[in-house]
Every structure is written in C-alpha cells, then in structure tokens.
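What follows is one structure encoded as structure tokens, with my remarks underneath.
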Amino acid sequence: MKKEAQLLPIHIFGDDMLRQKLSPVVVYDDKLHEFVHDLTHTMYLRDGVGLASSQVGKNLRVFVIDLEWSHEDGKPEPIVMINPDIYNSEGEIEYEEGCISVPGVYATVRRPSRIEYSYYDINGIQHHEIAEGFKAVVIQHENDHLDGVLFIDHLSSLSKLKIKRKLKELQKTAVNGSNLRHDIYDPEA
Ligand code: NI
C-alpha cells in the first residue's frame, strides 16, 4: 500500500546542506518514488513553484516544479526533473525571485531567458525540452540548488548589501551547520 505523503522540514539559509553539490540519482526505485511524493507534497504545502531535494535535506539531483498551481483553483500538475542538464542558454530576462529556503528575501535576478535542457522522469526516461520566460527562470533557479547555488548568489554587490541584514537574521538560528524550519508558512510573507 502507498504510504501517505510526509511534510518535510525545510533547510533554510545558513544550513550547510544548501551549499552541497548533490549526487546524481542512479536507482529509480520505490524509495525514490516515495521521496518525490514527499517533496511534491511539501512544495504544495509551502506554496512554492519549485522545490529541490537539498531544501528538504536530501542529497539527490532532483527537483519538482509546478508553475500553474494555486490554492484557489489548484489542480496539481507537478513536473519532476531528475539529473537535469541545461546544455544551452541564450537571451536575458529579469525576474523577482524568492526561495522557500530564504524566507522573506526577494530580489531581481538576471538570467538567460531561453534554455535547452534534458532530465529524467520518475521512470528513468530521458526528456529533451526547451523552456522560455518564467519556466526557464524556475528551472534555472531549481537547477542551481543541485549545485549548492542560491538565487542571492547572482545579485550585484549593491543588491546583496540591501539584503545583508535579513540574511544575517536568518543565519542566526543555525546550529552546527543546520538550520531547519518546521513551520508551514513564511512568517514574514
Ligand atoms: Ni529556491
């Protein structure tokens, strides 16, 4: 029988887990299915458009996205991407980004506007796709997580200065390289 999905605690800024380069998935088994189920469940409960495995403390190159879902008329259509690879990018787009792991911090990030990428789905089947605009932004943001990169790393030094105090505030709750948050909603949102 299928286990009920778990709400996983979120690793927030100041946690070493967020800075790790994650390991590729090699086995597509029930355990992976179960984890992806939990990851997706957690993304919806936290109101994210994407969530990467390091954000819930798992060392695997996996993330899930759903650009359309909202509480109001929510028909979930999650896309799970495993071992993704962005092999081409062009153009430029600026978008205000935030991150479940950096609660209360928002900043405009400049990224390529069009990407070509591949990934494996939950059944181990490889897909090649192209994304533009917001979808391209979200995939790049989540893909960054797999390499230990956060959206705040892309900011100019001036923008970084503006959020410095908030980051320090978040970092305060870190203990021995761990900074977990169990509450569901961003208290500052
Ligand atoms: Ni994020």
Side-chain angles (χ1 to χ4, degrees), residues 3-25 31-32 34-67 69-71 74 76 78 80-82 84 94-111 137-189:
K3 249 180 68 186
E4 213 167 289
Q6 304 281 308
L7 173 64
L8 305 168
I10 300 289
H11 293 244
I12 66 163
F13 185 77
D15 194 308
D16 295 345
M17 187 69 216
L18 295 173
R19 293 312 197 174
Q20 272 197 48
K21 188 171 166 65
L22 305 180
S23 310
V25 168
K31 263 173 81 178
L32 182 68
E34 213 170 88
F35 167 66
V36 164
H37 202 42
D38 292 346
L39 182 71
T40 305
H41 179 67
T42 303
M43 175 184 73
Y44 286 124
L45 282 182
R46 297 274 186 161
D47 276 338
V49 293
L51 192 62
S53 61
S54 55
Q55 296 180 270
V56 295
K58 191 92 167 172
N59 184 353
L60 282 178
R61 300 186 78 78
V62 177
F63 63 77
V64 59
I65 62 169
D66 188 341
L67 307 183
W69 188 84
S70 74
H71 268 298
V80 176
M81 297 195 186
I82 299 168
E94 283 192 342
Y95 212 91
E96 181 168 82
E97 296 187 25
C99 181
I100 295 169
S101 291
V102 196
V105 176
Y106 300 90
T108 302
V109 179
R110 186 183 303 164
R111 297 181 187 272
V137 168
V138 174
I139 291 170
Q140 289 174 86
H141 176 120
E142 298 308 328
N143 190 62
D144 272 354
H145 274 298
L146 308 186
D147 292 321
V149 175
L150 300 173
F151 78 99
I152 49 174
D153 301 336
H154 293 288
L155 303 178
S156 67
S157 37
L158 181 66
S159 307
K160 271 184 190 152
L161 208 61
K162 286 185 195 154
I163 58 168
K164 205 175 153 193
R165 211 161 49 96
K166 278 191 170 175
L167 292 181
K168 272 226 161 92
E169 205 57 42
L170 287 174
Q171 224 165 359
K172 263 189 194 163
T173 48
V175 180
N176 294 330
S178 167
N179 202 5
L180 278 179
R181 192 163 277 189
H182 295 267
D183 54 340
I184 292 183
Y185 294 107
D186 175 359
E188 292 173 64

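Starting from 1, each residue takes its place in the sequence as its number.
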I need the [X] [atom1] to [Y] [atom2] distance, nearest 0.5 Å.
{"X": "Glu34", "Y": "Leu39", "atom1": "CD", "atom2": "CG", "value": "13.0 Å"}
{"X": "Glu94", "Y": "Thr108", "atom1": "CD", "atom2": "OG1", "value": "6.5 Å"}
{"X": "Thr40", "Y": "Leu45", "atom1": "OG1", "atom2": "CG", "value": "11.0 Å"}
{"X": "Ser54", "Y": "Arg61", "atom1": "OG", "atom2": "CZ", "value": "10.0 Å"}
{"X": "Glu96", "Y": "Phe151", "atom1": "CD", "atom2": "CZ", "value": "8.5 Å"}
{"X": "Asp66", "Y": "Leu51", "atom1": "CG", "atom2": "CG", "value": "12.0 Å"}

What I'd like to find out is whether the side chain of [X] reaches to under 4.5 Å of the side chain of [Y], using heavy atoms alone.
{"X": "Val102", "Y": "Leu167", "answer": "yes"}
{"X": "Val149", "Y": "His154", "answer": "yes"}
{"X": "Leu22", "Y": "Leu60", "answer": "no"}
{"X": "His145", "Y": "Cys99", "answer": "yes"}
{"X": "Leu32", "Y": "Ile82", "answer": "yes"}
{"X": "Gln55", "Y": "Glu142", "answer": "yes"}
{"X": "Phe13", "Y": "Ile152", "answer": "yes"}
{"X": "Ile12", "Y": "Pro103", "answer": "yes"}

Task: Neighbour count above 12 (heavy atom, 6.0 Å) for Lys160 NZ - done: yes
Task: Candidate pair Leu155 and Val109, rule side chain to side chain contact (heavy atoms under 4.5 Å, CB included), full reasoning - done: CA-CA 6 Å; Leu155 303 178; Val109 179; 4.0 Å; yes
Open item on the list: What verdict does the side chain to side chain contact (heavy atoms under 4.5 Å, CB included) test give for His11 and Ile100, after you've listed the backbone C-alpha separation in whole Å, the side-chain angles of each residue and the deciding distance to 0.1 Å?
Closed with: CA-CA 9 Å; His11 293 244; Ile100 295 169; over 6 Å; no
To check you understand the geometry: which heavy-atom pair defines the closest contact between [X] and [Y], and what is its length?
{"X": "Ile139", "Y": "Met81", "answer": "CD1-CE, 3.8 Å"}
{"X": "Asn143", "Y": "Pro84", "answer": "OD1-CG, 3.4 Å"}
{"X": "Leu7", "Y": "Arg46", "answer": "CD1-NE, 4.4 Å"}
{"X": "Phe35", "Y": "Val56", "answer": "CE1-CG2, 3.7 Å"}
{"X": "Pro76", "Y": "Tyr44", "answer": "CB-OH, 3.3 Å"}
{"X": "Tyr106", "Y": "Gly98", "answer": "CD2-CA, 3.7 Å"}

Does the pair [X]/[Y] count as a salt bridge with the N-to-O cut at 4.0 Å?
{"X": "Glu169", "Y": "Lys172", "result": "yes"}
{"X": "Asp153", "Y": "Arg19", "result": "yes"}
{"X": "Asp144", "Y": "Arg111", "result": "yes"}

TODO: Would you check, one step at a time, whether the test side chain to side chain contact (heavy atoms under 4.5 Å, CB included) holds for Glu97 with Val138?
DONE: CA-CA 9 Å; Glu97 296 187 25; Val138 174; over 6 Å; no
Any sub-3.5 Å donor-acceptor pair from [X]'s side-chain atoms to [Y]'s backbone N or O?
{"X": "Thr42", "Y": "Leu8", "answer": "yes"}
{"X": "Ser53", "Y": "Lys58", "answer": "yes"}
{"X": "Asn179", "Y": "Leu170", "answer": "yes"}

Open item on the list: Is the distance from the ring center of His41 to that of His37 below 6.0 Å?
Closed with: no
